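This report concerns only the one structure given below.
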Amino acid sequence: MFAPPGEDLVNQWESEQARLRLQVIEEDTEDWQRSPDFSGLERVGGVDLSFIKGDDINACAQLVVLSYPDLEVLYEDSQMVTLTAPYIAGFLAFRETPFLLEALQRLERNQPTLLPQVVFVDGNGLFHYREFGLACHLGVLSGLPCVGVAKNLLQVQGVYKNEEHQSQIAALQKGGDSFPLTAASGKVLGKALRSSNKSSKPVYVSVGHKISVDTAVRLTHSCCRYRVPEPIRQADCLSREYLRTQFP
DNA sequence: GCGACAG
DNA sequence: ATCTTGTCGC
């Protein structure tokens with residue numbers, strides 16, 4: 001177990017988020033992002049952490065790189081890690097980022113030609129209490145374009161999962177349909193996306209770094225064979241498989 | 001005190 | 001995150 005974070009540490013975390021927030025680029029910066037069919041995009045990455053049943057500190061950090069548009073696995077890296085921070089909504093990055101960054105650095109050192117051109121992150125980007133979720137954190141620290149994809153809605157900045165939200169979800173007719181997640185300020189912090197025709201439950205997409213919201217949504221949809229985009233789904237499957245075989 | 005709470 | 005099989009439907 002983890003000791004509850006002191007108020008001083010929380011303040012330190014908040015100020016670090018505020019500092020790094022200034023470095024987030026919320027627009028498309030790559031040529032392939034402007035292409036209608038993402039021509040020029042060849043590698044998409046996915047990251048995730050999987051845990052053992054009753055263990056909160058030991059986890060498997062996973063990085064996968066898939067080909068685009070075929071979504072075939074080109075690279076995979078599973079690494080057991082020891083976490084140093086507890087899970088606290090709004091501060092997920094301080095728990096996971098260090099190990100995801102290390103995985104990206106191992107890849108850059110060993111097989112730089114396989115570095116992904118964009119990374120899908122399991123969690124929110126700008127759709128966050130202070131507009132700086134895990135996807136932004138990893139994006140800024142790695143310098144890579146990142147997209148945040150959350151499987152559950154985080155109620156933040158005036159976005160609630162009330163009946164209105166439910167009706168908006170019901171209005172998503174087919175894969176690719178979406179609606180904006182608008183903050184009280186009027187800013188669109190992300191979008192709820194029906195990622196496939198089969199799944200009526202949407203995923204929540206937001207900007208991590210170096211990509212626009214609309215491009216992030218369009219790209220996410222194009223990487224979905226199932227509800228969760230393939231890079232994240234593969235990272236999840238492979239890290240679980242690793243734990244299954246290494247810790248029976 | 002009550003509800004919320006990405007992973 | 002994780003605990004967990006079958007079952008209903010296409």
Side-chain angles (χ1 to χ4, degrees), chain A residues 1-2 4-5 10 13-14 17 21 24 46-63 78-101 103 119-139 146-162 165 174-175 181 183-184 189-193 195-209 216 220 225-229 231-233 235-244 246-248:
Chain A
M1 282 298 150
F2 281 105
V10 171
W13 281 351
E14 287 186 349
Q17 291 181 326
R21 169 72 182 86
V24 174
V47 292
D48 190 31
L49 255 62
S50 285
F51 298 78
I52 305 176
K53 46 186 177 182
D55 194 332
D56 254 15
I57 64 173
N58 293 300
C60 176
Q62 184 74 45
L63 166 63
S78 306
Q79 177 65 55
M80 286 307 297
V81 299
T82 302
L83 305 196
T84 60
Y87 166 69
I88 299 175
F91 301 99
L92 177 62
F94 294 95
R95 179 172 167 82
E96 303 194 350
T97 296
F99 311 103
L100 301 179
L101 249 185
V119 178
F120 281 90
V121 180
D122 201 344
N124 295 304
L126 288 181
F127 188 59
H128 177 272
Y129 304 113
R130 292 165 293 281
E131 296 185 18
F132 197 72
L134 175 60
C136 295
H137 210 120
L138 184 64
C146 285
V147 175
V149 181
K151 296 181 290 296
N152 293 98
L153 179 71
L154 181 64
Q155 297 195 143
V156 65
Q157 295 194 30
V159 179
Y160 303 114
K161 51 179 174 188
N162 47 28
H165 183 73
K174 57 178 176 46
L181 300 170
L189 297 181
K191 292 194 174 184
L193 166 73
S195 51
S196 80
N197 291 315
K198 290 182 178 180
S199 61
S200 56
K201 181 176 181 178
V203 291
Y204 300 94
V205 180
S206 60
V207 170
H209 189 46
T220 299
R225 285 216 243 264
Y226 304 100
R227 185 171 89 104
V228 175
I232 292 178
R233 201 179 75 86
D236 184 70
C237 290
L238 292 170
S239 55
R240 287 193 189 197
E241 176 179 35
Y242 183 85
L243 291 181
R244 208 172 352 104
Q246 299 300 313
F247 301 89

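No experiment lies behind these values; they were computed from the predicted model shown. As a basis for the values below, the full set of heavy atoms in this structure was taken, side chains included, without hydrogen atoms, waters or symmetry mates. Here is the naming used below: chain letters follow the sequence lines, and residue numbers restart at 1 for every chain.
- Separation of the C1' atoms belonging to B/dC2 and C/dT5 is 35 Å when rounded to the nearest angstrom.
- If you check every strand for non-hydrogen atoms under 4.0 Å, A/Tyr160 touches nothing.
- Going from atom CG of A/Asn162 over to atom P of B/dA4 covers 12 Å, rounded to whole Å.
- With P as the reference atom, B/dA4 and C/dC3 are 25 Å apart, rounded to whole Å.
- At a threshold of 4.0 Å, the pair A/Lys151-A/Asp122 counts as salt-bridged, since one of the basic side-chain nitrogens sits closer than that to a carboxylate oxygen.
- Among the nucleotides B/dC5, B/dG7, B/dA6, the one closest to any side-chain atom of A/Asn124 is B/dA6.
- Here A/Gly54 lies out of heavy-atom contact (under 4.0 Å) with every strand.
- For A/Leu92, counting side-chain heavy atoms from C-beta on, the closest listed nucleotide (B/dC5, B/dG7, C/dT2) is B/dG7.
- The shortest non-hydrogen separation linking A/Asn124 to A/Ala150 is OD1-CB, 3.2 Å.
- Taking atom CD of residue A/Gln155 and atom P of nucleotide B/dC5, one finds them 4 Å apart after rounding to whole Å.
- Here B/dC5 presents its C1' atom at 17 Å from CZ of A/Phe94, a figure rounded to the nearest Å.
- Classified by interplanar angle (parallel below 30°, tilted 30° to 60°, perpendicular above 60°), the ring pair A/Tyr204/A/Phe127 is parallel.
- Rounded to whole angstrom, the span from the CD1 atom of A/Ile232 across to the P atom of B/dG7 amounts to 9 Å.
- Listed nucleotides: C/dA1, B/dC5, B/dG7. Nearest to the side chain of A/Asp48: B/dG7.
- In this structure, A/Tyr87 packs face-to-face on the six-membered ring of B/dG7, meeting both the 5.5 Å centre cutoff and the 30° plane limit.
- One atom, CG of A/Asp122, and another, P of B/dG7, lie 6 Å apart when rounded to the nearest Å.
- Checked against a 6.0 Å centroid threshold, the rings of A/Tyr160 and A/His165 do not count as neighbours.
- One interatomic measurement links the two molecules: CG of A/Leu100 to C1' of B/dA6, which rounds to 14 Å at whole-angstrom precision.
- Checking each of A/Gln246, A/Met80, A/Gln79 against A/Cys60 for a side-chain contact (heavy atoms from CB on, under 4.5 Å) leaves exactly one that passes, namely A/Met80.
- Side-chain nitrogen and oxygen atoms of A/Arg95 include none within less than 4.0 Å of the OP1 or OP2 phosphate oxygen of B/dA6.
- Set against B/dA4, B/dA6, C/dT2, the side chain of A/Ser50 has C/dT2 as its closest nucleotide.
- Regarding A/Phe51, its CZ atom lies at a distance of 12 Å from the P atom of B/dG7, rounded to whole Å.
- Each of B/dG7, B/dA6, C/dA1 was ranked by its minimum atom distance to the side chain of A/Glu96; first place goes to B/dG7.
- Contacts of A/Asp56 with the nucleic acid, taken as non-hydrogen atoms under 4.0 Å apart, are absent.
- Put simply, A/Lys161 has no side-chain N or O that comes within less than 4.0 Å of OP1 or OP2 on B/dG3.
- Ranking C/dT2, B/dA6, B/dC5 by closeness to the A/Asn152 side chain, first place goes to B/dA6.
- With a 6.0 Å radius and a threshold of 12 heavy atoms from other residues, nucleotides or ligands, A/Tyr226 has its OH atom at or below the threshold.
- Taking atom CZ of A/Arg240 as the reference point, atom P of C/dA1 lies 7 Å away to the nearest angstrom.
- Phosphate proximity of C/dA1 to A/Lys151: present, with a side-chain N or O under 4.0 Å from OP1 or OP2.
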